[in-house]
Each structure stands twice: as C-alpha cells, then as structure tokens.
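A short write-up of the structure that comes next.
The first residue in the sequence is number 1, and the count goes up from there. All values reported here derive from a predicted model rather than from experimental measurement.
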Amino acid sequence: IQLEMCPISKFSGKGLFAKRSIKKGETIFVERPLVAAQFLWNFLYKYKACDFCLRALETAEENARRLSGIPGLSLPHPELCRVRPELHQACPQCQVMYCSSECRQAAADQYHRALCLGPSQEDPDHPINKLKDAWRSMHYPPETSSIMLMARMVAVVKQAKDKAHWQKLFSHFCSRTANEEEEIAHKLLGEQFREFSLLHTLFESIVNESVPVLQWFVPEGFRSLFALVGTNGQGIGTSSLSQWVHACDALELPAHQREHLDSFIDQLYKDIEKETGDFLNCEGSGLFLLQSSCNHSCIPNAEASFPDNNFLLHLGALSDIAPGEEICISYLDCCQRDRSRHSRHKILRENYLFVCSCPKCASQTDELDVTSEEEEEEEGEAEGETEGDELEDEMTDV
C-alpha cells in the first residue's frame with residue numbers, strides 16, 4: 001500500500017499521504033467511482049456514452065463527423081479507433097446503451113433495476129423524466145453535476161444486499177454545516193435556487209418504497225445530498241476522437257506523412273471549433289473515494305485524467321513525492337492557478353467554502369488583496385458561462 005488516508009485538522013478534514021517515494025509521471029492509483037452519471041444536457045445533445053462507465057460509444061470517425069458538421073469526413077488510420085460497436089448492448093427494457101454486456105450487467109446489479117424506465121423512456125410524465133426535465137431547466141451548460149448521480153446513490157442503497165456497507169461508503173464524503181450546504185446548493189442552481197423545493201418533491205417521487213436512506217428525502221437531508229455531490233463530484237470526460245488523436249501522435253511515420261497527418265488534425269480541430277465550440281467530450285461526474293480525500297493546493301503535485309476512455313480515474317504525479325508528503329490536487333484550472341492570491345482565494349471561498357494556506361498562498365501573503373483589472377474583466381465575461389463550474393473538480397481532457 002503506497003497511500004495513507006489521515007485526518008489533518010477539524011478545518012481540513014482528511015488528507016491523502018504517500019507512504020513511499022513516488023516519481024514524477026508515475027500513476028499513483030487507478031480508481032473506479034462508487035457511482036457515476038452522464039450530464040443530462042450532454043446526453044440530450046447526442047454525446048453518446050455508455051450509461052454505466054461513460055465510455056464514448058461513437059467511433060472516432062462518427063464523432064469527428066458530428067462535431068465538425070462534415071457528414072462525409074473520413075479519418076486516416078481508422079484502425080486506431082478503439083470503439084467496438086459490435087460489443088454494444090442495450091437494456092432490453094428501456095433501451096439505454098452500454099459499451100458491453102459486462103457494463104449492462106454491472107449497471108443492472110448496482111442501480112439500474114430501481115431506475116429503469118422500461119417502455120416509458122419517452123413518456124414526459126414519468127417521474128424520472130419529470131425530474132430530469134426539472135434539472136435541465138435549472139442547471140444549464142457548462143454542467144457541473146447531475147441530479148441522476150444523486151438518484152443513483154439512492155438506487156444503489158435500495159438494491160444492495162449489504163445496505164449498511166454502501167451507506168458507510170457514502171458517509172466517508174465530507175459533511176457540511178446547514179449554512180454551508182445551502183450556499184453550495186445555491187451555487188449549483190444559481191437563480192433557480194427558488195425551485196429547490198420542486199426538485200426535492202420530484203426526487204422523492206422516484207422511489208416509491210421505504211429505503212434506508214430516508215434522511216436524504218427530508219428537505220435537510222436532500223440539501224446535504226446536494227452538498228455532498230456538489231463538493232465531491234469529480235468531472236469525467238471521455239472522447240473516442242481524442243483517443244484516436246493520441247494514437248496518431250504515437251505513430252512512427254516518415255516526415256512528410258507526419259506533416260500531412262498533423263495538418264489534417266489541425267484543420268479538423270478548426271472545423272470542430274467553428275461548428276461545435278469547446279464541448280468536445282462525453283461529460284459526466286462521479287464520486288471517487290480516494291480522489292475525494294485529496295486536498296487542494298495551488299501548486300498541486302498530482303492530477304486526475306481519464307486515459308482509458310471510461311470512468312476509471314488515473315491519478316498521476318506532477319512532481320516527485322516523498323514518503324509522508326501530502327498528495328494534493330488543484331480545484332482550480334490552469335488559468336485560475338496563475339491568478340493573484342486574492343483572486344484564487346475568492347474562487348475557492350465562493351465555491352468550496354475554505355481559505356487556502358498552501359505554500360504558494362503562504363509565500364504571497366504580502367500581496368495586496370485586490371483583483372487586477374484584467375482579472376475583473378475576465379471574470380465579468382465568464383460570469384454567465386462558468387457559474388457553478390468550480391463546484392466540480394477540474395475536468396481533465398482525455
């Protein structure tokens with residue numbers, strides 16, 4: 001065992017520490033989430049992903065055609081695409097898609113039997129569809145969470161033989177005070193926070209029988225569930241096209257062929273940017289037990305990625321890590337980490353409700369507590385686009 005989870009203080013909660021030397025570039029661990037779900041708008045916009053592991057279901061060529069708006073596009077080296085459509089399977093009742101029979105069975109065993117829509121998949125009056133529609137009307141792209149992640153947590157406990165085991169696993173995620181929970185819920189829903197009671201009522205309606213997580217169905221418990229997902233959910237991004245590009249980069253080619261292939265890929269991304277913008281991936285979020293134990297640093301020594309084109313999280317070392325050293329990730333993206341100490345603290349305080357005291361922040365204590373004009377302009381431009389973004393950990397492109 002190369003890691004140790006330890007309590008730090010009543011303010012910081014727990015942390016993850018190395019028990020041996022870890023080298024830069026080394027994979028610290030690979031973790032499967034306790035539960036995961038694709039974002040609802042992402043699904044609606046035809047980003048096709050396995051309903052269990054979020055593996056992209058489109059081939060790289062299908063993905064490139066849709067994103068670029070060029071229906072006749074052909075990718076060179078199609079053999080580098082790892083998507084295997086012949087293995088895909090649908091739920092025989094509701095027709096949601098999986099990348100394999102193993103994922104279909106795993107979903108059924110874990111939560112899907114409790115949430116399967118059966119022939120009501122397209123029925124707008126089905127309680128689950130009403131819940132999804134309500135969530136989409138409150139939480140617009142760029143998405144940071146999904147009400148279905150919360151629904152799956154309840155369904156997991158409902159279906160589990162050892163219900164106490166799953167309740168204990170979910171209880172490992174941090175708890176918040178009532179005021180903090182309300183702040184987080186407000187941040188997730190923005191101006192739609194006034195509809196919180198409607199969301200709560202619809203959430204209650206999806207489970208018709210008594211389950212051992214009834215505390216999540218009272219208003220205070222539902223708010224706690226919101227806060228749990230809002231602060232612990234890790235963004236997941238998968239892309240068959242991105243995997244194909246990485247495989248192309250690894251090809252050993254003569255110089256002229258390399259130049260031609262790189263030029264093709266550059267033009268493809270320009271076409272995609274013009275047609276689709278920045279939304280390239282199948283996106284969702286999941287609850288990861290180990291990853292959620294990693295605290296924030298503005299100079300992180302580790303970062304998460306999803307190189308397998310599914311929900312398996314790889315935590316990689318950004319620098320050498322000594323035995324006993326805490327493993328820290330960043331809750332901020334690269335651009336945010338380059339901002340002033342005051343700006344970083346503002347983002348973290350508003351979205352995670354703590355004040356950072358990492359070595360970088362400690363070394364900048366003499367900085368004036370002001371936000372530069374440039375940063376204020378950026379924040380003003382991004383206000384409508386990124387509200388609630390930081391509630392999830394940084395989405396790592398695959």
Side-chain angles (χ1 to χ4, degrees), residues 31-40 42-43 48-55 57 88-121 123 126-132 134-135 143 145-173 199-200 202-217 221-222 224-226 228-230 232-236 238 282-289 292 310-313:
E31 183 178 16
R32 172 176 160 169
L34 297 182
V35 65
Q38 186 179 5
F39 294 148
L40 293 179
N42 190 258
F43 173 81
K48 299 176 182 177
C50 174
D51 199 57
F52 181 70
C53 77
L54 273 66
R55 183 183 300 277
L57 297 178
H88 297 174
Q89 287 199 6
C91 168
Q93 280 75 45
C94 69
Q95 304 305 310
V96 298
M97 291 299 298
Y98 300 96
C99 67
S100 65
S101 59
E102 290 81 8
C103 276
R104 182 179 64 81
Q105 191 61 51
D109 292 345
Q110 191 174 348
Y111 58 79
H112 187 67
R113 285 197 299 272
L115 297 174
C116 183
L117 288 167
S120 303
Q121 179 76 354
D123 179 5
H126 190 283
I128 291 178
N129 284 333
K130 290 173 75 171
L131 180 67
K132 289 178 177 180
W135 178 259
E143 298 171 273
S145 192
S146 172
I147 194 72
M148 293 311 295
L149 189 64
M150 305 176 210
R152 286 182 180 183
M153 290 172 67
V154 174
V156 163
V157 177
K158 181 182 176 183
Q159 283 193 203
K161 291 180 180 177
D162 188 351
K163 301 183 190 303
H165 168 72
W166 281 96
Q167 285 180 278
K168 184 177 179 181
L169 286 177
F170 287 135
S171 74
H172 281 293
F173 296 95
L199 208 58
H200 170 230
L202 291 170
F203 190 79
E204 278 187 308
S205 70
I206 66 171
V207 178
N208 301 318
E209 59 192 72
S210 178
V211 291
V213 286
L214 287 178
Q215 72 270 19
W216 287 344
F217 290 90
F222 185 56
S224 298
L225 184 60
F226 235 75
L228 185 156
V229 169
N232 290 280
Q234 162 68 45
I236 300 169
T238 63
C282 298
E283 295 181 357
S285 62
L287 291 176
F288 296 84
L289 198 58
S292 71
N310 62 11
F311 63 15
L312 289 180
L313 181 149

**Atom pair CZ/CE of F203 and M150 - distance to nearest 0.5 Å** = 7.5 Å

**Request:** Report the distance from atom NZ of K130 to atom CD1 of I206, rounding to the nearest 0.5 Å.
**Result:** 13.0 Å

**Any donor-acceptor pair under 3.5 Å from Q38 side chain to C282 backbone** = no

**Complete:** Rounding to 0.5 Å, atoms OG (S100) and NE2 (H88) come to a distance of 8.5 Å

**Prompt:** What class does the angle between the rings of Y111 and F52 fall in, given that below 30° is parallel, 30 to 60° is tilted and above 60° is perpendicular?
**Reply:** parallel

**Asked** Residues in side-chain contact (heavy atoms from CB on, under 4.5 Å) with K161, at least two apart?
**Response** none

**Message:** Using the rule given for side-chain contact (heavy atoms from CB on, under 4.5 Å), can you reason through L287 versus L169, listing the C-alpha separation, both sets of side-chain angles and the distance that settles it, and then say yes or no?
**Reply:** CA-CA 10 Å; L287 291 176; L169 286 177; over 6 Å; no

**Request:** Examine distances only and state if a side-chain atom of K163 and a backbone atom of A160 form a donor-acceptor pair shorter than 3.5 Å.
**Result:** yes

**Shortest non-hydrogen separation from H126 to S120 and the atoms involved** = CD2-CB, 3.5 Å

**Message:** Check whether E283 reaches the backbone of N42 with its side chain - one donor and one acceptor, N or O, closer than 3.5 Å.
**Reply:** no

**N129 backbone acceptor or donor facing D123 side chain under 3.5 Å** = no

**Item:** Close side-chain approach of W135 to L202, heavy-atom, < 4.5 Å
**Value:** no

**Item:** Gap separating the CZ atom of F39 from the CG atom of L149, nearest 0.5 angstrom
**Value:** 9.0 Å

**Asked** Any side-chain heavy-atom pair from Y98 and H112 closer than 4.5 angstrom?
**Response** yes

**Prompt:** Would you say Q121's side chain and Q95's backbone share a donor-acceptor pair under 3.5 angstrom?
**Reply:** no

**Message:** Is any side-chain heavy atom of Q159 closer than 4.5 Å to one of W166?
**Reply:** no

**Item:** For R152, all residues meeting salt bridge (charged side-chain N to carboxylate O under 4.0 Å, His left out), sequence neighbours excluded
**Value:** D51

**Prompt:** Does the side chain of M148 come within less than 4.5 Å of I128's, by heavy atoms?
**Reply:** yes

**Request:** Give a yes or no on whether the backbone of V157 and the side-chain of Q167 come within a donor-acceptor separation of less than 3.5 Å.
**Result:** no

**Item:** Pairs meeting criterion salt bridge (Lys or Arg N to Asp or Glu O under 4.0 Å) with involvement of residues 97-111, two or more places apart
**Value:** D109-R113

**Message:** As an exercise, state the distance from SG of C94 to CG of L117, rounded to the nearest 0.5 Å.
**Reply:** 6.0 Å

**Request:** Measure across S285 and I236 and return the closest heavy-atom pair with its distance rounded to 0.1 Å.
**Result:** C-CD1, 3.8 Å

**Fill in**
For L57 and C50 the tightest heavy-atom approach is CG-N, 3.6 Å

**Fill in**
When rounded to the nearest 0.5 Å, the distance separating SG of C91 from CG of L115 is 11.0 Å

**Message:** Restricting to non-hydrogen atoms, name the atom on T238 and the atom on L54 that form the minimum distance, rounded to 0.1 Å.
**Reply:** OG1-O, 2.7 Å

**Request:** Ignoring hydrogens and angles, tell me if any N or O in the side chain of S292 forms a donor-acceptor pair with the backbone of N232 under 3.5 Å.
**Result:** no

